[in-house]
There are 2 protein chains.
Amino acid sequence: MKLPVDGVQAFVQIAELGSYRRAAEALGLTQTALTRRIQKLEGFLGLTLLDRTTRTVRLSPMGEEFLPLAARLIADFTHGIERLRTTSRLAVGDVTVATIQSIAFRRMPNVLRAYACDYPQNRVQILERSGALVTEAVRKGEADFGIHIQQEPDADLVEDRLVCDPFVLICHRGHPLAGRGAVRWAELGDADLITLGGASGNRHRVEAQLRAAGQPPRGRFVVESTPTAFALVSAGIGAAILPAALQGASQRDDLVAVLLIEPEISRTISLVRRRNTSLTPAAAAFYEMLRVELSGGFG
Amino acid sequence: MKLPVDGVQAFVQIAELGSYRRAAEALGLTQTALTRRIQKLEGFLGLTLLDRTTRTVRLSPMGEEFLPLAARLIADFTHGIERLRTTSRLAVGDVTVATIQSIAFRRMPNVLRAYACDYPQNRVQILERSGALVTEAVRKGEADFGIHIQQEPDADLVEDRLVCDPFVLICHRGHPLAGRGAVRWAELGDADLITLGGASGNRHRVEAQLRAAGQPPRGRFVVESTPTAFALVSAGIGAAILPAALQGASQRDDLVAVLLIEPEISRTISLVRRRNTSLTPAAAAFYEMLRVELSGGFG
DNA sequence: GGAGTTTCATGCCAAAAAATCATGAATTGA
DNA sequence: TCAATTCATGATTTTTTGGCATGAAACTCC
């Protein structure tokens, strides 16, 4: 069963304009086409909707009765479809992103500013999650997509690798290592090190690396949050080992970052979203902006 | 701009059945056709509605959002169209007929009974109007159509001549003229005549005819209503000159009708409806039944 | 883990539907 | 009465749609 929408649309237009010719013009068709549409519709319905002579067009009683409904059906449909197209074209809608803190701190603000400029009516909600909780939020659909440290592949998720975020040594301008282009892990023995604590994957990797370099992680400062680490460094307590992405989180210009090498270890920042689920236009636009912006690497 | 109804319909069906194949079956199409429809719809909208692998189909976020609306749009349209078709096929609806009394009395009941049998859910309203008021009711749209005595042609109305309704002499079984097959107007001089009064066209025609036959209408009985006339005749007061159509209005079997001739004058009973306006299916059905039934003539 | 089955997508073609052009018929109005 | 306007119709072209055969991916069942 095929719905005679064209016919109904033609009927409404003709009824409203009182003329085949004008309706045809309004619809961008020929008058002939409308004649055929109406004939087909009336044939399908088995009744007369328009009483027409060669000169005039008027609604039949049934047409009179049907017109309000018909007009509403067409209007509803048109508006519904049109709203969808607008949503698509302008990428209207809300976006929810789950992200690890480092990105939220450092790079997100720029992207958010640009996105707000391009899509002023869209709201963006940022879920700050640590570690595996990003993928969790994405998997559960709480977030449209996420930004996190790449982990082992997940059957339900698909990742877009963006950039490697190497670990760096953040030290005070006056620190002995501050002038170096890079520092070997093995050279860290002399420094008072500050590391991030908590259950984060970062801590484990850093401690593992220190052990491997023959630098047992004893007597170091372990802090809970990035701002604290910066504050300690700034106060000259020691140097901090952090992902480069966090570097800009401090507003301080008395700090210097030095790349840690031999080996250079890094986290891979990835965009992650559900496999087999497309993003909404609004989310897709934001996703794309993030991808482009974050591909620039960390300098 | 062409509304993508097919696509939306396909989308709804697929979403509800969770499968192209099953949806195709339900719609009486091949799976290929649905694939094409969805592709076209998504292209038109500029977004993804269904996330599909070769094996599974699921709603995308936008699809999820659109489905309720889409389903309602399709359902509304389908129901609206379906109701119209039913109205047409079963001629559902109310009918209003304006008619002169004689028809309402004599022939209408049979037709009404038959119509009520064929279209039990339809209500029929009978407007009893005298003379020109029938056409008035039809012209104003108060009645779908009318039954009346044919008059001069009217530009706004179109008539279907049904049957001639000759004037007859209604007399008591024992009346001297009761046995005759026909009676000349000129022979009425001896009889005590009863005629219908009021402003009806009948009265004028009868009196004109009597005058023409050299029978001035003096000292006759003039009554206001048909039943009274019958009662007088039945009581032996005299004979009544009435249209044959009224004959059966009495339930009496002691009365006899004799055709009046030389000349035989008659009223032409017509169905009348607005020109350039089609009848509703319900009215058309009733109109047709009346036409057939009343073409039988008056016996 | 491999074979078979199921499911959606695609290339190509046929069928069907829709639109158009040219023209006709009826009505209006100068 | 003539010109102009308006809707209908027949023939034709264009566009759209559906279908078949086939492919690729993924699930199931030994």
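Reminder, nothing fancy here: chain letters follow the sequence lines and each chain counts from 1.
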Exercise. Could you say whether A/G18 or A/K2 is positioned toward the 5' end of DNA chain D, judged by the nucleotide with the nearest heavy atom to each?
Key: A/G18
Check residues 4-13 of chain A and write down every donor-acceptor pair under 3.5 Å in which the side-chain atom is one partner and the other belongs to a residue at least two apart or another chain.
| residue | atom | partner | partner atom | Å |
| --- | --- | --- | --- | --- |
| A/D6 | OD1 | B/K2 | NZ | 3.2 |
| A/D6 | OD2 | B/K2 | NZ | 2.8 |

Quiz prompt | Nearest heavy atoms of B/A91 and B/A285, plus distance in Å | solution = CB-CB, 4.2 Å
Quiz item: Within this structure, what is the CD-to-P distance between B/Q39 and D/dT17, rounded to whole angstrom?
Solution: 13 Å
Exercise. Mind checking side-chain hydrogen bond (donor to acceptor under 3.5 Å, both in side chains) for B/T56 and listing every partner two or more places apart, or none if nothing turns up?
Key: B/T53
Quiz prompt | Helical bend (five base pairs per end, nearest 10°) for the helix from C/dG1-D/dC30 to C/dA30-D/dT1 | solution = 30°
Exercise. Not counting sequence neighbours, list each pair that qualifies as a salt bridge (Lys or Arg N to Asp or Glu O under 4.0 Å) and has a residue in residues 53-69 of chain B.
Key: none
Quiz item: Which whole-number value in Å describes the distance from A/L50 CG to D/dC7 P?
Solution: 10 Å
Quiz item: Hey, does the side chain of A/R22 reach the backbone of A/L17 with a donor-acceptor pair shorter than 3.5 angstrom?
Solution: yes
Quiz item: If each of B/S19 and A/L29 is mapped to the nucleotide of DNA chain C with the nearest heavy atom, which maps nearer the 5' terminus, i.e. the 5' end?
Solution: B/S19
Quiz prompt | Non-neighbouring partners of A/D160 that pass side-chain contact (heavy atoms from CB on, under 4.5 Å), sequence neighbours left out | solution = A/L271, A/Y287, A/R291
Quiz prompt | Set of ring pair (Phe, Tyr, Trp, His ring centres under 6.0 Å) partners for A/F44, sequence neighbours left out | solution = none
Practice problem: Calculate the interatomic distance between A/R58 atom CZ and D/dC7 atom P; express it in whole Å. | Solution: 14 Å
Quiz item: Which heavy atom of B/P61 sits nearest a heavy atom of B/D51, and at what distance?
Solution: CD-OD2, 4.3 Å
Side-chain donor-acceptor pairs of residues 27-34 of chain A under 3.5 Å, sequence neighbours excluded:
| residue | atom | partner | partner atom | Å |
| --- | --- | --- | --- | --- |
| A/T30 | OG1 | A/A33 | N | 3.4 |
| A/Q31 | NE2 | A/T35 | OG1 | 2.9 |

Quiz prompt | Separation of D/dT6 C1' from B/N276 CG (nearest whole Å) | solution = 14 Å
Quiz item: Which atom names give the shortest non-hydrogen contact between B/L69 and A/G80, and what distance separates them?
Solution: CD2-CA, 3.9 Å
Quiz item: For DNA chain D, which residues in residues 3-17 of chain A have a heavy atom at a distance below 4.0 Å?
Solution: none
Exercise. Would you mind building the protein contact string for nucleotides 20-30 of chain D? One character per nucleotide, 5' to 3', B for base within reach (heavy atoms under 4.0 Å), S for sugar-phosphate only, - for untouched.
Key: BB---BSS---
Quiz prompt | Minimal non-hydrogen separation, B/S278 against A/S60, with atom names | solution = OG-CB, 3.2 Å
Practice problem: Measure the distance from OH on B/Y20 to P on D/dG18 and round it to the nearest whole Å. | Solution: 14 Å
Quiz item: What are the bounds, 5' to 3', of the part of DNA chain C that sits under 4.0 Å from heavy atoms of chain A?
Solution: C/dA17 to C/dT28
Exercise. Can you tell me which residue pairs pass the salt bridge (Lys or Arg N to Asp or Glu O under 4.0 Å) test with a partner in residues 66-88 of chain A, sequence neighbours excluded?
Key: A/R72-A/D76, A/R72-B/D76, A/D76-B/R72
Self-check item: salt bridge (Lys or Arg N to Asp or Glu O under 4.0 Å) contacts in which one or both residues fall within residues 24-35 of chain B, not counting sequence neighbours
Solution: B/R21-B/E25
